[in-house]
Each structure stands twice: as structure tokens, then as C-alpha cells.
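Let me begin by presenting the structure, written as C-alpha cells, before commenting on it.
Nothing fancy with the numbering, it's 1 onward along the sequence.
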Amino acid sequence: MTTEALFCGDEAQARPWLDRLDTRARIVAALAIVLCVVAIRSPWVLLAGAPLLLGFALACGLRGGEILARLAHAEGFLLVLLLMLPLTVPGPAWATLGPLEFSRPGVERAVMILLRVNLSALAVLTLLAGLEPSRFGHALARLGVPEKLAHLLLFAARWTELVRQEARRLHDAMRARAFRASTSAHSWRTLGHFTGQLLLRALERAERVDEAMRCRGFSGRFALVSDERFRARDLVFLAGLGCVLLGGLLTDRAA
């Protein structure tokens, strides 16, 4: 089965082994990994788990360049934390650079945040980023997530791509008229018109979709049609993952 990137119109690489798992098992596995990463207090245990998680991602079909490109989106925010926490968290000095003093608790906290965010993002990227939005939303509903929240997710997944396409058309029209962004009053006024037109077009399309759904008898609930079944391989996968996570937690407590 060829999967599609979550909340993205671009097709993702097929992951035959991972796609054979029940979507609910993948969601539970991702949540369990994130909770375990947050609960671990030793940076050495997190460092030891990084190659395991990276190897799992590569075994699932992700490429090294794809992993780096996805993780790079979070690194800008983390870079700010790495610079600010050692300077703002009080405690014994770890290093000094002229008038700047980097505290040891700040450095330790920044490193822990860096490891936790990257490991959690890698787990979510591996297990969930290749899911079709409809498949992901149906799995959440079958796990007991409130239906309204599942509906919002399905609509957001669809409308994110529609608004992106509309914005691309408006941008192409602006470029065809030789528009170049700058700090001039004309540029700001044009960008304001662009934003207003984008919101108006999104609203008009939403009204048309609402009328079409009412004409088709939409009663406020989507039919959750799915042929997925929780099988033995899902149980084996979750049991194996549970053993690995339990071993990491025990090692952390013993460290």
C-alpha cells in the first residue's frame, strides 16, 4: 500500500512492513515511545536509545536525508533553548565566555530537552508521518477519541492542502504581474490584499462544501469505514516494543 504524508499532499515512500500493522497499534506505539522518552531522566539512557530508534526508522523505510530534513524544522527552536537556558537557569558555572556564564543546570536541562524533542519527533515521524489523514482520523475515532476531534482532524487535513493550493494560485498570479516583495507601502498593501483574498476564497469554498454535504444528508457524523483488524503481528509488535521501553525505564531508574 502506498501511503501519503500526514497533512501533506505529497506522496510518501511506501513502507510495506509498517503498513501491514493496524493503524491503532502504530498510534499507541508512538504515544508509548513519547511518554517513555519524557519519563527517562538520564541523558545517557536517551543517548543509548537514539541509535536504536534511528535504526528502527531506517528499517521502516525512511532515508537518512529525509530524517534530517524533517528534524531540521525543530532545530531552530531548540537552538534558541540551547543558547538561552544555560544563560538564564541559575546554578554553578559550567563554563564562561567573557562576561557570559553558562550554568551547569542550564546546560543539562538544554541537553535533555534536545534529546527528548528529537527522539519524540523521530518516533512520530517513523510511525505516523506516512499515514493517510483519513486512515489516521478513523483510527483515532476507533481508539475512543471524541468524534468531534476526529472530524476536526479530517477537515484540517483536507483543508490545509486546499488552502495551500489556493495560496499557490494567488502567488502565481502576483508573480505574473511582476510583484516582488519588499518593505514598501505598495508591497505591504499587496500582501494584505493577498491575505484577505485567501481568507475570502477559503470561506466561500467552505460554504459550498457545507451546502454540498447538507444536500447529501450529512448528519454531523462520518461513517467510520475501515477493514483493519488487530492481528497477532500487532500484538507481537506492541509486546516487543513494551519490553524495550520497560528495559529503558528500568535502566534509567537503576542508573
State the [atom1]-[atom2] distance between [X] and [Y], to the nearest 0.5 angstrom.
X: N118; Y: L71; atom1: CG; atom2: CG; result: 5.5 Å
X: R180; Y: R175; atom1: CZ; atom2: CZ; result: 6.5 Å
X: F136; Y: T23; atom1: CZ; atom2: OG1; result: 9.5 Å
X: L53; Y: I33; atom1: CG; atom2: CD1; result: 6.0 Å
X: F179; Y: F194; atom1: CZ; atom2: CZ; result: 9.5 Å
X: L85; Y: I113; atom1: CG; atom2: CD1; result: 5.0 Å

Minimum heavy-atom separation for [X] to [Y], with atom names?
X: A29; Y: F237; answer: CB-CE2, 3.6 Å
X: A39; Y: L249; answer: CB-CD2, 4.1 Å
X: P43; Y: L115; answer: O-CD1, 3.8 Å
X: A25; Y: L238; answer: O-CD2, 3.6 Å

Within-4.5 Å side-chain heavy-atom neighbours: T190 and M174: yes

Side-chain heavy-atom pair L170, L198 within 4.5 angstrom cut-off: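 They are in contact (side-chain heavy atoms under 4.5 Å apart), so the answer is yes.
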
Trace of the salt bridge (Lys or Arg N to Asp or Glu O under 4.0 Å) decision for D210 with R214: CA-CA 6 Å; D210 178 65; R214 291 178 183 274; 3.1 Å; yes

Checking [X] side chain against [Y] main chain: does a donor-acceptor pair fall under 3.5 Å?
X: S187; Y: S182; answer: yes
X: T251; Y: G247; answer: yes
X: D252; Y: S42; answer: yes
X: R233; Y: R20; answer: yes
X: R177; Y: A173; answer: yes
X: R24; Y: A139; answer: no

Contact list for residues 191-209, test side chain to side chain donor-acceptor pair (under 3.5 Å), sequence neighbours left out: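 Qualifying pairs: E166-R201.
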
For R116, all residues meeting side chain to side chain donor-acceptor pair (under 3.5 Å), sequence neighbours excluded: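 Not a single residue meets the side chain to side chain donor-acceptor pair (under 3.5 Å) criterion with R116.
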
Non-neighbouring partners of D234 that pass side chain to side chain donor-acceptor pair (under 3.5 Å), sequence neighbours left out: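 Applying side chain to side chain donor-acceptor pair (under 3.5 Å) to D234 gives none.
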
Stepwise side chain to side chain contact (heavy atoms under 4.5 Å, CB included) check, F56 with V244: CA-CA 12 Å; F56 175 67; V244 174; over 6 Å; no

Residues D172, R168: salt bridge by 4.0 Å N-O rule: no

Can you get from [X] to [Y] by hopping between Ile, Leu, Val, Met, Phe, Trp and Tyr side chains that sit under 4.5 Å apart?
X: L31; Y: V37; answer: no
X: L35; Y: I40; answer: no
X: V236; Y: L246; answer: no
X: L152; Y: I27; answer: no
X: W44; Y: L52; answer: no

R109 atom CZ: more than 12 heavy-atom contacts under 6.0 Å: no

Intermediate values then yes/no, side chain to side chain contact (heavy atoms under 4.5 Å, CB included), L140 and L149: CA-CA 9 Å; L140 285 178; L149 184 59; over 6 Å; no

